[in-house]
Asks: 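Just passing along the structure, written as structure tokens.
Chain letters run A, B, ... following the sequence lines, proteins first, then strands; residues in each count from 1.
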Amino acid sequence: MNVLQELKNRFAHVLSDYVDDPAPFAEMVKPAQDARFGDFQANCAMPLAKRNGVNPRDLATSLVEKLNVTDLCEPPEIAGPGFINLRLKDDVVEGNINQAYTDDRVGVSGVEQPLTYVIDFSSPNVAKPMHVGHLRSSVIGDSLQRTMRFLGHKVISDNHIGDWGTQFGMIIYGYKNFVDNAAYESDPVGELARLYRLVNTLSDYHSAVEKIPQVEKSLETLAEELSQMEADADPKDKKQKKVFKKKRSEIESAKDSIKSLQEKKAAVADDPELKELAIAHPEIARLAREETAKLHAGDAENQKLWDQFLPQCVEALQGIYDRLDVHFDHTFGESYYNPMLAEVVADLEAKGLATESDGAKCVFIEGNAAPFIVQKADGAYTYATTDLATVQYRLKEFGADKVLYVVDARQGEHFKLLMETIKLWLNTEIDLQHVSFGTVMGEDRRPFKTRSGDNVGLESLLDEAVRKAREIVASNDDAKTDSTENSAPELDEATRDEISQIVGIGGIKYADLHHNRESDYVFDWDKMLAKTGDTATYMQYAYARIQGIFRRGNIDVEQLRASSFRIHLDESAERALALKICRFGEALDTVASEYRPNLLTQYLFELAGVLTTFYGECPVLKAEDETTKQSRLKLIDLAGRVIKQGLDLLGIEVCEKM
RNA sequence: GCGCCAGUAGCUCAGUUGGAUAGAGCAGCGGACUUCUAAUCCGCAGGUCGGGGGUUCGAAUCCCUCCUGGCGUACCA
């Protein structure tokens, strides 16, 4: 039973005497924010009293008089300006915990009205190797997919990979001009990645050579403007100060951009081999774009190369997804929608939504300066076109009620335009949600950028995490002793390897998931691999400890579960643990309503904390009598199942021993 | 210029959408293994919630303004 929901219903019933629409006031029944206030608190009396022009405490009193919760709660108490504090009856908590124990879903009921969700996440560019920036979307999206599915929704996950854009033109150009056949034979994806980087570097070189004089010129102009302004300045004028500041920051950013352009130039100019290639390919950027255009236009040779490259790239991605234990129902890349794009644009034009502007076909949305460009002047389609076609497809083929885009916050404007355009274009109730997340920042608090030649690939990050986990697993196990203080490690090499995988990968995922996804994300190697505090390891350890107790006590878990002993709650630590376990469903509801897995990590961390407090106060195997022992065994068994299930919804595994 | 987002303890971050005395984890200090796993627990210390003004019973949260930083802003995705 969802107690919180039941209490809200009871309040709504009574509140209807005071207000036409009681729902928003019933929503003000919440878990108590402090244990001293009981288990739940209702905050509705104050705002309602204000609205009705009466005294809040009086209103709370009259609410409580009419409220019928005697079957669930102790008599409600009114505190402070009009808080209503509720404490569940012990036998209610006991009833719920015993019910949850026999439930496969550990007491979490499924949603009443399942919806069809399409979750679009990860979506890397196949031409570039994945790096840490791709982690957030993959990990958050996967957790949402697992959670929504567990709650009973129909979920279709789709990896909308970038397999059709400009970067493929670069690879094709690179392959035609620079391929090392031996390298391609032995490691095709590595060679393709090298070719991509090479073409990119050479293009950047030419563009830098062209731009440096321009930027230097504008820097000069800015500097002159500033000194002129300073000469004319009135020192008392505050507004001028601000203008100066602005100018200075413009100058700084011009300097930065010159510096970065010079680095790009030097990368080639200082390398005789690259220099030679650059001279031999002066038009490389334009020619690479042409290869893309040819591919899109159906050129046979480029199509053949694409057909050859794509499966190799996808296979390489699959290797990483397997390690991360992230899976998709579909991997329809951008290319999948290519045949539909012409029709999308034609339809938009027919409906008078797309118009031509500067040679490009655009949808203009009122209130937005930037247009939604659906076809470029050169005839190529954009990702706006693809995204429109994709929504149409998901609507038609999947009957999607909601589409979640787990994508970087920087694309907020794109999705805003997409949603507006869909509203105008298709007559549909489909709900598109941009589940955005913050930028990955470097340790210098500036956006994380892979330095050329020194980029932290996702693959090497995973390797490092597992390697560090292996060291900790080994040293911890080596330190174990038996009752006579002799060294007594209990894990063989293979088991150690397995645990290292689970702990290392889990740690990385958790580091990402426990942040509020909206915040910017500071990439910190040490923190990501930390094994103490609020980490996956803490919960994994709590789980392994429970299994350790079962082993030590020779407990047959199947027998335990089949036995007729009831869980009973006498100690306050037992009650606190039981109540926390019963709140798993509440935690999942908040995750689902805001698409925020960090609310689940928070719940699990608290659950594990309550569990360790319980250990301190309540011996299990050495409980005073058999009834208590069996009760506590069942309680920790259920706690372990909730931890395992919760971690699973985060995409994190557990192990029996650590 | 316009728009979006952020600023909370030394560091990294939560903060249940306006609720009660602002919380964790690291780092620091002090304790706890003859005890079901010390990858742990308990305690201490640490705060002008960027500044200022406003709204009300009540503000980290809402409004205005200023400061600082990030991002986006027409044919890359």
Side-chain angles (χ1 to χ4, degrees), chain A residues 27-28 30-34 36-37 41 43 46-47 49-50 55-56 79-83 85 123 125 162 164-167 238 242 245-246 289 334 357-362 367-378 380 382-384 386-387 408-414 416 436 438-439 441 445-447 472-473 475-476 479-480 483 485 490 503 514-516 518-520 522 524 526-527 530-535 537-538 540-542 544-553 586-587 590 594 598-599 601-602 605-606 609 612-613 615-616 619-623 632 636 657-658:
Chain A
E27 281 305 307
M28 294 178 195
K30 293 172 181 181
Q33 68 170 38
D34 189 309
R36 283 168 310 169
F37 305 140
Q41 63 182 57
N43 301 338
M46 285 88 75
K50 187 201 275 186
N55 178 292
F83 295 101
N85 292 335
S123 311
N125 257 321
W164 199 243
T166 312
Q167 79 282 3
K238 267 196 169 174
K242 201 183 157 187
K245 201 158 210 175
K246 178 91 186 157
R289 275 199 300 275
E334 293 169 334
S357 171
D358 287 349
K361 287 175 185 164
C362 310
N368 291 80
F372 204 44
I373 297 174
V374 294
Q375 190 169 18
K376 299 192 281 186
D378 67 4
T382 68
Y383 78 138
T386 317
D387 277 358
D408 199 302
R410 283 179 281 204
Q411 292 191 37
E413 208 157 0
H414 168 74
K416 194 175 156 206
S436 79
T439 310
M441 311 286 269
R445 292 216 131 266
R446 311 209 65 190
I472 294 167
V473 169
S475 75
N476 188 63
K480 285 177 188 165
S483 53
E485 302 224 350
E490 53 177 4
V503 169
H514 96 283
H515 291 100
N516 182 336
E518 305 272 8
S519 330
D520 284 346
V522 175
D524 180 341
D526 291 333
K527 219 188 151 194
K531 295 291 176 289
T532 58
D534 186 2
T535 60
T537 313
Y538 182 74
Q540 289 168 326
Y541 183 66
R545 225 175 137 179
I546 291 169
Q547 309 315 310
I549 291 174
F550 289 156
R551 279 194 303 276
R552 181 67 65 108
E586 288 171 27
T590 62
E594 298 179 41
N598 72 307
L599 296 170
T601 66
Q602 198 176 312
F605 184 60
E606 286 164 9
T612 48
T613 305
Y615 283 140
V620 178
L621 295 177
K622 294 172 186 168
R632 287 179 183 167
I636 63 170
K657 290 182 185 176
M658 280 176 76

Asks: Write down the distance separating the C1' atoms in B/G47 and B/C57, rounded off to the nearest Å.
Replies: 26 Å
Asks: Could you check whether any side-chain N or O of A/Q167 sits under 3.5 Å from a backbone N or O of A/G162, counting only pairs where one atom can act as donor and the other as acceptor?
Replies: yes
Asks: Under 4.0 angstrom, heavy atoms only, what part of the nucleic acid is A/N368 near: base, sugar-phosphate, or nothing?
Replies: nothing
Asks: Describe the nucleic acid contact of A/A49 in one word from base, sugar-phosphate, nothing, applying a heavy-atom distance below 4.0 Å.
Replies: nothing
Asks: Whole angstrom is fine here: how far is it from NZ in A/K416 over to C1' in B/G3?
Replies: 8 Å
Asks: With pairs defined as Watson-Crick or G-U wobble and both distances under 3.5 angstrom, please note down RNA chain B as a dot-bracket string, | for pairing with another strand.
Replies: (((((((..((((.....[...)))).(((((.......))))).....(((((..]....))))))))))))....
Asks: What integer distance in Å separates A/N43:CG from B/U61:P?
Replies: 18 Å
Asks: How far does the C1' atom of B/A6 sit from the matching atom of B/C42, given to the nearest Å?
Replies: 36 Å
Asks: Which sits closer to the 5' end of RNA chain B, A/F37 or A/H514, going by the nucleotide each is nearest to?
Replies: A/H514
Asks: Within the modelled atom types, does a donor on one side and an acceptor on the other bring the side chain of A/R36 and the base of B/U21 under 3.5 Å apart?
Replies: yes
Asks: Taking only the C1' atom of each, what is the distance from B/C11 to B/C67 in whole angstrom?
Replies: 23 Å
Asks: Applying a 4.0 Å non-hydrogen cut-off, can you work out what A/E518 is touching in the nucleic acid: base, sugar-phosphate, or nothing?
Replies: nothing
Asks: I'd like to check the salt bridge (charged side-chain N to carboxylate O under 4.0 Å, His left out) partners of A/D34; sequence neighbours left out, ordered by chain and number.
Replies: A/R36
Asks: What I'd like to find out is whether the side chain of A/I636 reaches to under 4.5 Å of the side chain of A/R632, using heavy atoms alone.
Replies: no
Asks: Who passes ring-ring contact (aromatic ring centres under 6.0 Å, His included) against A/Y383, sequence neighbours left out?
Replies: A/H414
Asks: What nucleotide, of B/G25, B/G19, B/G18, holds the atom closest to the side chain of A/M46?
Replies: B/G19
Asks: Distance between the C1' atoms of B/U56 and B/C63, in whole angstroms?
Replies: 13 Å
Asks: Identify the residue among A/N476, A/I472, A/T537 that makes a side chain to side chain contact (heavy atoms under 4.5 Å, CB included) with A/M658.
Replies: A/T537
Asks: In whole angstroms, how far is the C1' atom of B/C13 from the CZ atom of A/F605?
Replies: 12 Å
Asks: Could you check whether any side-chain heavy atom of A/D387 comes within less than 4.5 Å of a side-chain heavy atom of A/F372, counting everything from C-beta outward?
Replies: no
Asks: Check the chi torsion on B/C33 and let me know: syn if it falls within 90° of 0, anti if not.
Replies: syn
Asks: Heavy atoms only, 4.0 Å cut-off, all strands: where does A/S436 land among base, sugar-phosphate and nothing?
Replies: nothing
Asks: How far does the C1' atom of B/G25 sit from the matching atom of B/A14, given to the nearest Å?
Replies: 10 Å
Asks: Taking any heavy-atom pair under 4.0 Å as a contact, classify A/A360: base, sugar-phosphate, or nothing.
Replies: base
Asks: Heavy-atom distance under 4.5 Å between the side chains of A/T612 and A/Y541, does that happen here?
Replies: no
Asks: Considering all heavy atoms of both residues, which atom of A/D520 and which atom of A/G438 are nearest to each other, and what is their separation?
Replies: OD1-CA, 3.6 Å
Asks: Counting only side-chain heavy atoms from C-beta out, which of B/C57, B/A74, B/C13 sits nearest to A/I373?
Replies: B/A74
Asks: Taking side-chain hydrogen bond (donor to acceptor under 3.5 Å, both in side chains) as the definition, give me every residue that meets it alongside A/N43, ordered by chain and number, with sequence neighbours left out.
Replies: A/Q41
Asks: Between B/G30 and B/G18, how many Å separate the two P atoms, rounded to a whole number?
Replies: 44 Å
Asks: Which whole-number value in Å describes the distance from A/L599 CG to B/G15 C1'?
Replies: 10 Å
Asks: Base of B/U17 relative to its sugar, syn (within 90° of 0) or anti?
Replies: syn
Asks: For B/G28 versus B/G46, give the span between their C1' atoms, rounded off to a whole number of Å.
Replies: 10 Å
Asks: Let me know the distance between CD of A/E594 and P of B/U16, rounded to the nearest Å.
Replies: 9 Å
Asks: Heavy atoms only, 4.0 Å cut-off, all strands: where does A/P47 land among base, sugar-phosphate and nothing?
Replies: base
Asks: Provide, to the nearest angstrom, the distance between the NZ atom belonging to A/K30 and the C1' atom belonging to B/U61.
Replies: 11 Å
Asks: Measure from CZ on A/F372 to C1' on B/G72 and round the result to the nearest Å.
Replies: 15 Å
Asks: So which atom in A/L621 and which in A/I549 form the shortest heavy-atom distance, rounded to 0.1 Å?
Replies: CD1-O, 3.7 Å
Asks: Reading RNA chain B from 5' onward, which residue's closest nucleotide shows up sooner: A/P371 or A/N125?
Replies: A/P371
Asks: Expressed in whole Å, how much space separates the P atoms belonging to B/U61 and B/U55?
Replies: 15 Å
Asks: With a 4.0 Å limit, can you tell me whether A/N516 has a side-chain N or O closer than that to the phosphate oxygens OP1/OP2 of B/G15?
Replies: yes
Asks: Base, sugar-phosphate, or nothing for A/E586, non-hydrogen atoms under 4.0 angstrom?
Replies: nothing
Asks: Within the structure shown, what part of the strands sits under 4.0 Å from A/A369 by heavy-atom distance: base, sugar-phosphate, or nothing?
Replies: nothing
Asks: Reckon A/Q411 touches a base, only the sugar-phosphate, or nothing at all at heavy-atom distances under 4.0 Å?
Replies: base
Asks: How would you list, by chain and number, every residue that makes a salt bridge (charged side-chain N to carboxylate O under 4.0 Å, His left out) with A/E586, sequence neighbours excluded?
Replies: A/R583
Asks: Under 4.5 Å between any side-chain heavy atoms of A/F550 and A/V620, yes or no?
Replies: no
Asks: Applying a 4.0 Å non-hydrogen cut-off, can you work out what A/D387 is touching in the nucleic acid: base, sugar-phosphate, or nothing?
Replies: nothing
Asks: A/D34 CG to B/G15 P: how many Å, rounded?
Replies: 18 Å
Asks: For nucleotides 34-43 of chain B, give me one character per nucleotide, 5' to 3': B if any protein heavy atom sits under 4.0 Å from the base, S if the only such contacts are to the sugar-phosphate, - if neither.
Replies: -SBBSBSS--
Asks: B/A74 phosphate, OP1 or OP2: any side-chain N/O from A/S357 under 4.0 angstrom?
Replies: no
Asks: Between A/N55 and A/A49, which heavy-atom pair has the shortest distance, and what is it?
Replies: C-CB, 4.0 Å
